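Below is one structure, written out as structure tokens, with a few remarks after it.
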Amino acid sequence: MKQIHAKFVLAATLVAAGVVPTGVWAQTARSPVAPRRELVESVVREAYEKFRSDTSGKNADYIPYLAQVDSKMFGIAIVTTDNQVLTLGDVKYSFSIQSISKVFTLALAMEELGPDKVFAKVGSEPTGRPFNSPLAVVDMPSHSGNPLVNAGAIATTSLISGQNAGEKWKKILDFYSKAAGEKLVLIDEVYKSEAATNTGNKALSMLLAKYDRIYADPFESVDIYTKQCSVGVNATQLARMGATLANNGINPATGQQVIKSEDIPHILSTMTMAGLYDGSGGWAWHVGLPAKSGVGGGIVAIAPGKGAIAVFAPPLDEAGNSVKAQEVIEYVAQRLNYNLYSPTSVGLK
Ligand code: DON
């Protein structure tokens with residue numbers, strides 16, 4: 001009660017100071033900085049029209065299933081910390097979450113072990129190399145790099161406890177579903193397609209084993225990791241997962257505390273540093289928001305305290321990041337003044 005009151009007073013003060021427009025204030029006392037709906041709507045529509053006909057990039061094809069996904073699909077979803085939902089385009093199509101899953105397995109690992117153990121066992125350093133690089137495993141002192149590249153992600157998955165693989169997998173899927181606020185399911189065809197071709201990830205798991213940086217059976221861990229990458233999400237579900245991070249671990253739709261608030265800065269800083277792999281530096285320079293991409297064509301970006309934007313468009317750039325998703329998020333983040341590194345993003349004139 002006391003906390004709600006404090007937020008109420010803070011919101012009123014921000015409105016009085018002209019930092020937050022009254023429209024925001026009228027919506028909720030929960031987040032004094034969530035954006036105004038009309039503004040977000042017009043910016044998202046502009047971005048959609050501006051980039052919809054961009055055909056650059058190419059679907060991922062090293063996972064055969066992904067090569068045949070319709071590359072023209074394009075959807076944008078925003079979920080704010082006060083649970084406003086804005087969607088445009090192909091937001092009902094369920095695509096594979098792929099590497100974006102790594103963020104939520106990291107959150108679950110911290111839930112189970114605490115951040116210090118996860119940091120000691122996986123680390124959080126940029127690799128400066130492609131997401132599936134075996135050279136990074138060999139060269140880096142931590143070997144696993146960070147939880148958002150394949151090697152570090154497989155190591156992170158291996159930390160999840162359970163009597164057997166089935167129990168670990170169920171725990172991961174349930175956790176993702178809580179973050180999405182809806183029951184998520186595996187896209188079996190994606191899983192089979194990747195499981196039949198993931199020799200590179202198996203090699204990474206063996207390398208991790210060589211350096212004692214994997215904490216369960218290596219091939220079992222790769223299999224669970226492959227399943228987590230094959231979870232289906234639509235753009236709205238993905239935006240809600242992102243909004244859970246933006247809302248200090250509380251799912252804004254269900255009100256459930258899914259992730260401990262003290263873990264959020266560890267997750268968001270890791271996303272800033274490695275969320276777009278070897279494209280992360282340029283992304284931080286231009287956009288200034290923690291984000292995570294997946295080769296299924298999704299990217300989710302987080303505006304802490306405000307909300308999350310998820311974009312789905314399958315064609316990828318060289319680093320494995322959706323071209324249109326990057327364009328849209330950069331455009332929207334600039335217009336909504338979301339760049340975390342700009343003091344104006346928190347109201348300073
Ligand atoms: O392990 C893999 O290669 C895929 N399941 C995930 C890679 C991925 O999404 C990289 N993203 N941009």
Side-chain angles (χ1 to χ4, degrees), residues 57-67 69 95-106 126-134 136-137 144-158 169 172-173 176 186-208 214 218-233 238 241 270-283 290-301 310-326 329:
K58 192 170 158 294
N59 283 31
D61 57 9
Y62 74 101
I63 300 171
Y65 179 97
L66 298 179
V69 172
F95 55 94
S96 55
I97 189 169
Q98 295 296 343
S99 281
I100 306 166
S101 67
K102 295 165 177 171
V103 171
F104 296 92
T105 301
L106 167 63
T127 67
R129 292 188 189 269
F131 60 85
N132 49 7
S133 171
V137 181
S144 34
N146 65 71
L148 302 184
V149 292
N150 287 14
I154 294 164
T156 307
T157 300
S158 79
W169 160 237
I172 290 171
L173 186 61
Y176 293 5
L186 179 82
I187 307 176
D188 204 46
E189 287 167 274
V190 176
Y191 167 64
K192 288 203 177 102
S193 181
E194 182 164 350
T197 51
N198 63 357
T199 47
N201 284 338
K202 286 183 184 143
L204 290 177
S205 75
M206 283 286 113
L207 268 181
L208 288 167
I214 191 155
F219 285 1
E220 176 195 282
S221 304
V222 172
D223 188 54
I224 299 171
Y225 162 83
T226 306
K227 282 192 173 131
Q228 76 177 46
C229 289
S230 308
V231 169
V233 285
L238 184 58
M241 294 174 89
T270 306
M271 288 170 78
T272 299
M273 190 260 316
L276 271 70
Y277 309 112
D278 37 338
S280 300
W283 179 258
K292 185 73 205 80
S293 62
V295 288
I299 299 186
V300 63
V311 181
F312 166 60
L316 311 178
D317 67 9
E318 292 287 303
N321 302 315
S322 165
V323 174
K324 279 216 270 285
Q326 291 177 80
I329 296 169

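Remember, it's a predicted structure, so these values are computed and weren't measured experimentally. Counting starts at 1 for both ligands and their atoms, in listed order.
- Among all protein heavy atoms, the one lying closest to atom 1 (O) of ligand 1 is Y225 OH, 2.6 Å.
- Within the structure, ligand 1 lacks N132 among the residues with a heavy atom less than 4.0 angstrom away.
- Neither the backbone nor the side chain of L316 has any atom closer than 4.0 Å to an atom of ligand 1 (non-hydrogen atoms only).
- For ligand 1, the atoms lying closer than 4.0 Å to a non-hydrogen atom of Y277 are 8 (C), 10 (C), 11 (N), 12 (N).
- The protein atom (non-hydrogen) at minimum distance from atom 3 (O) of ligand 1 is Y62 OH, 2.6 Å.
- Y176 and F104 have perpendicular rings, their planes meeting at more than 60° on a 0 to 90° scale where under 30° would count as parallel.
- Note: an N/O pair closer than 3.5 Å links N150 and ligand 1 by distance alone.
- Those atoms of ligand 1 with a heavy atom of G320 less than 4.0 angstrom away are 11 (N), 12 (N).
- With a 4.0 Å cut-off on non-hydrogen atoms, S99 touches ligand 1 through its backbone as well as its side chain.
- Residue V295 touches ligand 1 through backbone and side chain together, judged by heavy-atom distances below 4.0 Å.
- To the nearest 0.5 Å, atoms SG (C229) and CD1 (I63) are separated by 7.0 Å.
- Residues T105 and T156 share a closest heavy-atom pair of O-CG2, 3.9 Å.
- Side-chain contact, Y65 with S96: no donor N or O sits under 3.5 Å from an acceptor N or O.
- Counted by atom type alone, S230 and E194 present zero donor-acceptor pairs between their side chains at under 3.5 Å.
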- Task: Apply the test side chain to side chain contact (heavy atoms under 4.5 Å, CB included) to residues K102 and N150: give CA-CA distance (whole Å), side-chain angles for both, the deciding distance (0.1 Å), then the verdict.
- Result: CA-CA 9 Å; K102 295 165 177 171; N150 287 14; 2.6 Å; yes
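- Residue C229 approaches ligand 1 through these ligand atoms, each under 4.0 Å from one of its heavy atoms: 5 (N).
- For the residue pair N198/Y62, the side-chain donor-acceptor check at 3.5 Å is not satisfied.
- The shortest heavy-atom contact between G320 and V295 is O-CG1, 4.0 Å.
- Looking only at protein heavy atoms, the nearest one to atom 4 (C) of ligand 1 is Q98 OE1, 3.2 Å.
- The shortest N or O to N or O distance between F131 and ligand 1 is not under 3.5 Å.
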